[in-house]
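Have a look at the structure below, then the notes.
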Amino acid sequence: MNNTDIRKKIKIRAIRVIKRIKSAFKNQDVILVLKLSAVAATSLALSNIHNFFGTMMVGHVGEDAAEQISAMGIALITILTFSAPMNAFGSSAQSLISQLWGKGKRRDAFISFKSALVTSFVISLFMCILVFIFGEWLMKIMSPSQKVANYGKKFLFVRILGLPATSITFVMRGLFDAIGKPEEHLKFNAYSTFVCIVLSYLFVFGIIFPRMELHGFALASTISSFVAAIHGAYLIRPYIKQYFSSRDISDIKYREDILKFALKNLKISIPAFFAQFIASVSFLLFIWFSGLSGVEHQAISFILVNIIGVITLPAMAIGASLAGMVGRLVGQNEIERAKRTFSDMIIIIGIVSSALSLLMILFPETSMRLFSDQKEVIEEGKKTILTFSPSLLFISIGILVINTLIGVGDTKFVIKVEATLHFLFFIPSLFLFGTILKSKSTVLWLVISIYFALLFFVMLWRIISGKWIKKLT
């Protein structure tokens, strides 16, 4: 075969790939999924944007910025770990409220809503107590630096105060989704995010108020959590009056009905709790091991975790909407159309994530300078970004597929795969390279890249096999 034939074959294949990509972007089912998920994706992205900007601000406070970012990282991921039961319960409550509403059982939907509010609030208070008891001890374990541990403890004890308010907004979001008003929870999410960013700027850098640096961001985040809860309660009140009769609101036997739906929600939330708990503990261990190589490596790791969050949260929302579309198509016996929609969405998300990955590879120093002005953090961060950025493709598609499979009922498979990879590969690798070999953050992020690549290929195999469709038939 001569060079001319090779070039022709390459050209033909390139044309086929371009046509396939064009058809994916023209798929009306995919376009509809993107439209349906736009509000939820924006809302989820906003829920992490304040951490994103907060990290940028704290990263420019001065000579101990790396210590403060490191402390912020271990504190926030500690909160994420303790809030896993609340998050899982909130997700299951959203699902149950939507199901009951869809079946026309408005009274049950309202009881489930009130039950979820009470239960989620109680869970969050219990988690707060645990954090106040064990928080200082955890901060000392999580960082070899006493300075970082002290920063982390103070941040943790201020930020955790906003958890009860956050638990309420989670449940309110579920009712807004159920009644078909997702734009309402986007309002209070966007408003509270704006409040958090503005207050953070004023508190962190000492404009008008005393200069608080890291603790200023913690205070701003807590205040914004209560702003979201109050704003959400204000927005939801007219809808409760509109959709629920006075009998629905008053005819509630708290001891029987509230407990009944609380237990039902708790039962549904168990699989999601284990999945979230495993993921958050793994990241907690990862941040811990990163700190063994130095504070700057721990800071770099948290910066990249922020970047991942902004990318993966919208993918989660799109996955949930895609599950609904695919489920409907399978229910109409349009199997091939469902498969095509699934594959086209994967193509689109893959292209977007690849573009983001390319930008980070081309401008690694600029990416790090957004979050820090310290030379050590920038230099080590550049190496880590170049190592990790190519795996954004695996992460975004992996998260999309996982949430879609969970949405169509293939939850057990997802949990089995994640648990297997966590306990047989991810955690042992972290112990090996983090504790024994004391490798730099670059190596640890390479481990994460391999983990997500393995997860991606297993999930891709599941899609190709078609076994997930059986969960819908």
Least distance between heavy atoms, [X] atom then [Y] atom:
| X | Y | answer |
| --- | --- | --- |
| Ile378 | Ser372 | CD1-O, 3.6 Å |
| Thr166 | Ser225 | OG1-OG, 3.5 Å |
| Gly152 | Ala71 | N-CB, 3.4 Å |
| Ala66 | Ala299 | O-CB, 3.7 Å |
| Ser449 | Ser391 | OG-OG, 3.2 Å |
| Gly135 | Leu156 | CA-CD2, 3.7 Å |

Open item on the list: List the residues meeting side-chain contact (heavy atoms from CB on, under 4.5 Å) with Val158, not counting sequence neighbours, and say none if there are none.
Closed with: Ala218, Leu219, Thr222

TODO: Could you list the residues that satisfy side-chain contact (heavy atoms from CB on, under 4.5 Å) with Leu386, not counting sequence neighbours?
DONE: Ile361, Pro364

Nearest 0.5 Å, please: how far is [atom2] in [Y] from [atom1] in [X]?
| X | Y | atom1 | atom2 | result |
| --- | --- | --- | --- | --- |
| Ser354 | Leu393 | OG | CG | 4.5 Å |
| Leu130 | Leu125 | CG | CG | 11.0 Å |
| Cys128 | Ile133 | SG | CD1 | 11.5 Å |
| Thr341 | Ile31 | OG1 | CD1 | 11.0 Å |
| Ile448 | Thr387 | CD1 | OG1 | 12.0 Å |
| Ile197 | Met56 | CD1 | CE | 9.5 Å |

Determine whether [X] and [Y] make a side-chain contact, defined as any pair of heavy atoms from C-beta on separated by less than 4.5 Å.
| X | Y | value |
| --- | --- | --- |
| Leu446 | Phe388 | no |
| Thr55 | Phe371 | yes |
| Asn51 | Phe217 | yes |
| Ile402 | Leu455 | yes |
| Phe205 | Met57 | yes |
| Ile397 | Met459 | no |
| Val417 | Arg462 | no |
| Phe342 | Val401 | yes |

Open item on the list: Run the side-chain contact (heavy atoms from CB on, under 4.5 Å) test on Leu76 and Phe155 for me, step by step, so that the C-alpha distance in whole Å, both residues' side-chain angles and the decisive distance to 0.1 Å come before the verdict.
Closed with: CA-CA 9 Å; Leu76 282 176; Phe155 180 92; 3.8 Å; yes

Is the distance from the ring center of [X] to that of [Y] below 6.0 Å?
| X | Y | result |
| --- | --- | --- |
| Phe157 | Phe132 | yes |
| Phe456 | Phe394 | yes |
| Phe53 | Tyr201 | no |
| Tyr451 | His422 | yes |

TODO: Check the pair Thr384, Met368 against side-chain contact (heavy atoms from CB on, under 4.5 Å), reporting the backbone distance first and the verdict last.
DONE: CA-CA 10 Å; Thr384 307; Met368 288 308 304; over 6 Å; no

Open item on the list: Walk me through whether Ile385 and Trp445 qualify under side-chain contact (heavy atoms from CB on, under 4.5 Å).
Closed with: CA-CA 9 Å; Ile385 283 178; Trp445 278 98; over 6 Å; no

Open item on the list: Is it the case that atom CZ in Phe25 sees more than 12 heavy atoms from other parts of the structure closer than 6.0 Å?
Closed with: yes

Open item on the list: If you count heavy atoms of other groups shown closer than 6.0 angstrom to CH2 of Trp461, is the number above 12?
Closed with: yes

- [ ] Compute whether any side-chain donor of one residue and acceptor of the other, for Ser224 and Ser192, lie under 3.5 angstrom apart.
- [x] no

TODO: Taking atom types as modelled, find out whether His215 and Tyr151 have a side-chain donor-acceptor pair closer than 3.5 angstrom.
DONE: no

Between [X] and [Y], is there a donor-acceptor pair closer than 3.5 Å when you use the side chain of the first and the backbone of the second?
| X | Y | value |
| --- | --- | --- |
| Glu418 | Lys416 | no |
| Ser389 | Met360 | no |
| Gln68 | Leu214 | yes |
| Ser357 | Ser353 | no |

Task: Residue list, salt bridge (charged side-chain N to carboxylate O under 4.0 Å, His left out) with Asp344, at least two apart or on another chain - done: Arg20, Arg340

Task: Listed partners of Lys154 passing salt bridge (charged side-chain N to carboxylate O under 4.0 Å, His left out), at least two apart - done: none

TODO: Please lay out, stage by stage, how Leu430 and Leu444 fare under the test side-chain contact (heavy atoms from CB on, under 4.5 Å).
DONE: CA-CA 7 Å; Leu430 289 181; Leu444 297 181; 4.2 Å; yes

Task: Selection residues 350-368 - residue pairs positive for salt bridge (Lys or Arg N to Asp or Glu O under 4.0 Å), sequence neighbours left out - done: Glu365-Arg369, Glu365-Lys382

Task: Non-neighbouring partners of Phe413 that pass ring pair (Phe, Tyr, Trp, His ring centres under 6.0 Å), sequence neighbours left out - done: none

